[in-house]
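Here is the structure we will look at.
Positions are given from 1, in the same order as the sequence printed here.
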Amino acid sequence: MSSELPATPPNLCGHEEQADATGTASGQASGSVALFSSPTTPAGNRRRVLFQDQYADAKDPDRKQRRYASSLEVSPRVKVVQYSELCEDLGLTEQLQIYESAVGTLFDDLSEHMPVIGKAGLNYSPNVSDTAFSSKPCDSDGKSTGKKERALTDHFAWLWKHMDALPKPDVPGVKQQSPYRLADHQAKFVLDSNLQPDGLFFRRGVKPVTFATAHIILEAKWATCENGFAEADLGQIGDYVLRMWTEQYSRAFVPVILLHGGNVSLMAFTRHKVYVAELGPLCFPNDETLDFSAADILMALQRVWFILTLSASSFGNICDFTNNKAGLQFITGSDVTRMVRTADYRGNNVVRLDERIDRPVKIFRRTSYMYRSIFAGRSAILKLTWTPTYCYPEGAGYRMIGEACNGYIPEVYLSGVLVKNAFGYRLEFLVLEDCGIPIDTYALRCRNVGTKAEQFSATLAKSIKHVSGCLAKAYAAGVLHRDISAGNIAIKGGQARLIEWGYSRARSDIDIPNLDEIERLFAFDNEAASMEERQHDSLTGTNLFMGVQMLMGSTERSLIHDLESLFFVGLYTLAKFQGSIGPKCDKLPLGFRCVGNEETAAIRVGCLSAKNLYLENFGIRDCPDVIAQVFDSMYQTLFTHKGRYIGGQMLADSNYAREIDLDMASKFMDTQILLSKSCSDLEMSGSQLLDESMLSANIQTACNMDTSSYAETASIVETASIVKTASIVKTASIVKTASNTKTPRGKKKRAIRMTFKTRAEYANFLRNQLSSDSVKENTDASSAQSPAKRTASTRTPRGAGKKPASKRRFN
């Protein structure tokens with residue numbers, strides 16, 4: 001059908017919005033009569049609307065689906081407020097008070113010439129052609145030339161023309177002329193888009209008029225919205241707002257002037273809600289029961305003038321977006337940083353914008369804008385992010401781990417906050433080192449140029465080791481990444497960097513240096529952010545790479561879950577290099593197919609169940625030894641315990657506590673950092689923890705503790721069972737036994753074990769022995785003694801007193 005349509009939109013009296021995405025009359029409440037079956041709609045009009053709707057769908061095939069999704073997003077977020085309340089929230093109270101005290105009777109003459117709203121149009125006074133306000137959009141009988149939405153739009157355009165031309169009193173607060181003009185788009189699409197709002201307000205002298213340069217959206221609906229909005233109308237308006245969000249990174253909110261049923265309202269789309277304030281009527285009613293007069297119309301006109309004479313910087317846009325200057329200068333102040341457009345690239349803290357990096361923008365919630373840039377002669381990335389004020393700023397995360405992870409993460413050239421709080425969101429900026437391309441893009445590029453499998457596998461293995469080391473260092477420094485994906489690992493010159501720390505969170509169980517200063521610089525509260533972010537642990541990440549327990553809704557997130565995501569990223573990258581994943585593949589390998597979260601977790605557990613076959617389930621055919629060793633060691637560390645596959649337990653218990661086997665983990669990461677005190681919350685095992693001198697010293701200390709420390713002592717003795725026999729003999733000789741008879745060398749611990757049926761009885765035995773011992777000393781002094789190095793988990797051992805896995809916390 002699209003081949004039969006004209007190359008340009010037809011110039012019809014209606015426009016593409018006369019029929020909404022669901023086929024109901026635009027502006028009608030849900031459940032109303034369909035437009036095409038309405039007996040009041042002329043047959044010619046129905047044919048024109050249908051043709052226009054078909055043309056719009058052919059030009060923009062995703063329109064209906066996109067608007068339906070927008071309606072679902074917008075509908076529950078609409079909040080009706082008073083005009084004065086909205087002005088207060090926008091920080092305009094002082095300006096409004098000055099304006100209202102000085103405006104007087106401005107537009108009084110104009111308000112008397114408003115039409116009466118009819119069934120399908122507007123009816124003007126018959127003698128309008130004789131007044132000073134000529135060129136009204138009506139015929140000689142005073143009937144509007146357009147119908148319904150077109151009649152409202154034409155009426156408002158006529159009003160705006162005369163409001164701008166009328167002389168104004170020379171008093172403070174009242175502008176003589178508006179800085180904006182109105183572009184009519186009822187019969188044409190907005191440039192560089194497939195969208196057709198009724199109008200766009202843009203700054204005078206700006207060309208061309210696009211969503212990137214527009215200031216306010218104008219939309220008309222024939223039905224009144226006093227009793228609520230039709231979902232189709234909200235989806236349509238939301239579609240326009242989303243396009244403006246996408247084009248303008250400096251928008252704190254998107255304003256919409258909505259004409260509906262002869263009234264005018266102001267809509268403010270923020271990142272969290274849609275605020276709607278009624279401004280008043282622009283037409284006289286045809287129903288005598290409605291109680292309003294020319295004074296109400298006058299008030300509406302004066303409110304419209306106030307809104308449409310505000311500067312862009314004070315009404316939603318913190319930076320002048322309308323000029324063609326390609327530079328941004330960041331001017332640091334005592335409170336926040338200012339951002340201005342500039343053409344002088346030699347100034348301090350100036351970023352020259354180049355190519356925009358394509359990233360999805362949402363109509364609500366967190367959004368990031370990224371540009372390839374030049375900063376101080378170096379290739380850089382500019383990142384501007386709107387985040388909820390309760391979240392951790394990404395710049396704060398970089399500050400916390402910068403020293404510990406130097407060489408593992410991008411260098412930060414500039415960072416700061418531009419907006420502290422705009423309707424619950426902050427705007428922060430980062431100027432970062434350009435770390436290259438995502439690792440999956442790198443894999444595809446290597447495949448296209450014919451890179452040898454061994455060479456690519458060596459680079460991949462090196463990258464996995466590098467990133468896993470970065471994760472461990474960051475965790476020890478107090479930050480958990482939480483969003484490991486192929487797009488967040490960048491490679492440049494064969495060197496990997498872990499980027500995108502915007503979804504990270506700080507740990508609450510360790511002290512972070514200079515935290516007060518970081519909180520001040522990035523305008524957030526660490527304690528409140530930590531509590532809020534922990535609630536989103538199971539919701540944070542990229543589904544394609546999330547671990548099994550995270551997909552199952554785990555509330556306990558730690559380093560091991562990020563390592564699991566890194567494991568899946570490695571498999572995905574190699575599969576992409578081998579061609580199992582890519583544009584020519586009909587479907588993803590079984591291990592990477594995403595359905596529901598729990599279903600995806602179950603699929604992955606099944607794909608990982610066979611140690612010798614799991615690579616094939618994730619699309620890997622031939623795996624070179626250099627990377628196979630890395631994958632196998634990660635597999636055994638993440639999915640086995642003492643040689644037994646634990647996928648079923650992970651699936652059944654999303655908070656099942658996994659140990660990190662340091663001996664196995666040392667094959668793909670530097671495990672020395674895990675032995676530090678800051679990683680003591682992790683459960684670990686392995687001979688690295690248990691050299692003989694360390695073990696003896698720790699158990700001797702435990703024997704001097706009071707009875708409340710029996711669990712740690714039991715844990716230490718329990719751990720001793722995994723070392724060689726000689727160590728067992730030395731260790732066990734420190735702990736008193738139930739019998740004074742000597743046991744043959746090398747069998748003392750086993751002899752003790754034989755007298756107990758369960759581990760719980762064994763732990764209770766140790767507790768009784770310690771409590772009856774005469775070496776009990778001052779509680780405070782003895783409890784202050786702690787092992788010099790971690791020898792085992794501080795958690796309660798398996799047995800009596802152990803909390804259920806669902807209640808154990810990593811952080």
Can you give me the closest heavy-atom contact between [X] and [Y], atom names plus distance?
X      : Y      : result
Gln248 : Ala212 : NE2-O, 3.4 Å
Ser70  : Asp239 : OG-N, 4.2 Å
Gln578 : Ile620 : OE1-CA, 3.4 Å
Ser71  : Pro76  : O-CD, 4.4 Å
Leu498 : Asn488 : CD1-O, 3.4 Å
Ile409 : Tyr398 : CD1-CD2, 3.8 Å

What is the distance from atom [atom1] of [X] to atom [atom2] of [Y], rounded to the nearest 0.5 Å?
X      : Y      : atom1 : atom2 : answer
Arg366 : Tyr503 : CZ    : OH    : 4.5 Å
Thr246 : Phe211 : OG1   : CZ    : 10.0 Å
Leu195 : Phe189 : CG    : CZ    : 8.5 Å
Leu471 : His561 : CG    : NE2   : 13.5 Å
Ile464 : Phe668 : CD1   : CZ    : 9.5 Å
Leu682 : Ser558 : CG    : OG    : 4.5 Å

Do [X] and [Y] meet the criterion of a side-chain donor-acceptor pair at a distance under 3.5 Å?
X      : Y      : value
Ser554 : Ser654 : no
Asn655 : Thr555 : yes
Arg482 : Ser504 : no
Asp483 : Thr542 : yes
Thr367 : Tyr249 : no

Are more than 12 heavy atoms from other residues, nucleotides or ligands located less than 6.0 Å from atom [atom1] of [X]?
X      : atom1 : answer
Asp622 : CG    : no
Arg426 : CZ    : yes
Arg77  : CZ    : yes
Arg445 : CZ    : no

Check: [X] side chain, [Y] main-chain N or O, donor-acceptor pair, under 3.5 Å:
X      : Y      : result
Gln549 : Tyr656 : yes
Thr640 : Gly643 : no
Ser609 : Gly606 : yes
Thr600 : Gly596 : yes
Gln629 : Lys667 : no
His481 : Ile499 : yes
Arg497 : Glu411 : no
Tyr645 : Val605 : yes

Would you call the rings of [X] and [Y] parallel, tilted or perpendicular, taking 30° and 60° as the class edges?
X      : Y      : answer
Tyr413 : Phe375 : parallel
Phe568 : Phe639 : tilted
Phe456 : Phe577 : parallel

Considering only heavy atoms from C-beta outward, does the side chain of [X] approach that of [Y] to under 4.5 Å?
X      : Y      : answer
Arg557 : Ser538 : no
Arg658 : Met650 : yes
Val626 : Leu460 : no
Asp661 : Gln636 : no
Arg593 : Leu590 : yes
Ser468 : Leu563 : yes
Trp501 : Ile401 : yes
Thr210 : Glu247 : no

Derivation of the side chain to side chain contact (heavy atoms under 4.5 Å, CB included) call for Val595 and Ile603
CA-CA 9 Å; Val595 280; Ile603 290 173; 4.2 Å; yes
Where do Lys462 and Gln495 land on the side chain to side chain contact (heavy atoms under 4.5 Å, CB included) test, with the steps shown first?
CA-CA 8 Å; Lys462 176 184 174 183; Gln495 186 69 37; 4.0 Å; yes
Taking the six-membered ring of Tyr475 as reference, does the NZ or CZ atom of Arg507 fall below 6.0 Å from its centre and within a 45° cone about the axis?
yes
Does NZ or CZ of Arg251 lie under 6.0 Å from the centre of the six-membered ring of Trp386, at an angle within 45° of the ring axis?
no
Could you tell me whether [X] and [Y] make a salt bridge, using a distance below 4.0 angstrom between a side-chain N and a carboxylate O?
X      : Y      : answer
Asp537 : Arg505 : yes
Glu500 : Arg359 : yes
Lys362 : Glu73  : no

Which residue, Asp354, Asp434, Asp358, forms the salt bridge (Lys or Arg N to Asp or Glu O under 4.0 Å) with Arg372?
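Testing each of Asp354, Asp434, Asp358 against Arg372, the sole residue satisfying salt bridge (Lys or Arg N to Asp or Glu O under 4.0 Å) is Asp434.
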Could you walk me through whether Glu598 and Met552 pass the side chain to side chain contact (heavy atoms under 4.5 Å, CB included) check?
CA-CA 5 Å; Glu598 294 183 357; Met552 293 299 295; 3.9 Å; yes
Go through the steps for Lys492 and Glu433 under the test side chain to side chain contact (heavy atoms under 4.5 Å, CB included), then give the verdict.
CA-CA 11 Å; Lys492 187 176 183 180; Glu433 171 192 3; 5.9 Å; no
Partner of Phe545 by ring-ring contact (aromatic ring centres under 6.0 Å, His included), out of Phe567, Tyr572, Phe618
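It is Tyr572; the other options fail the test.
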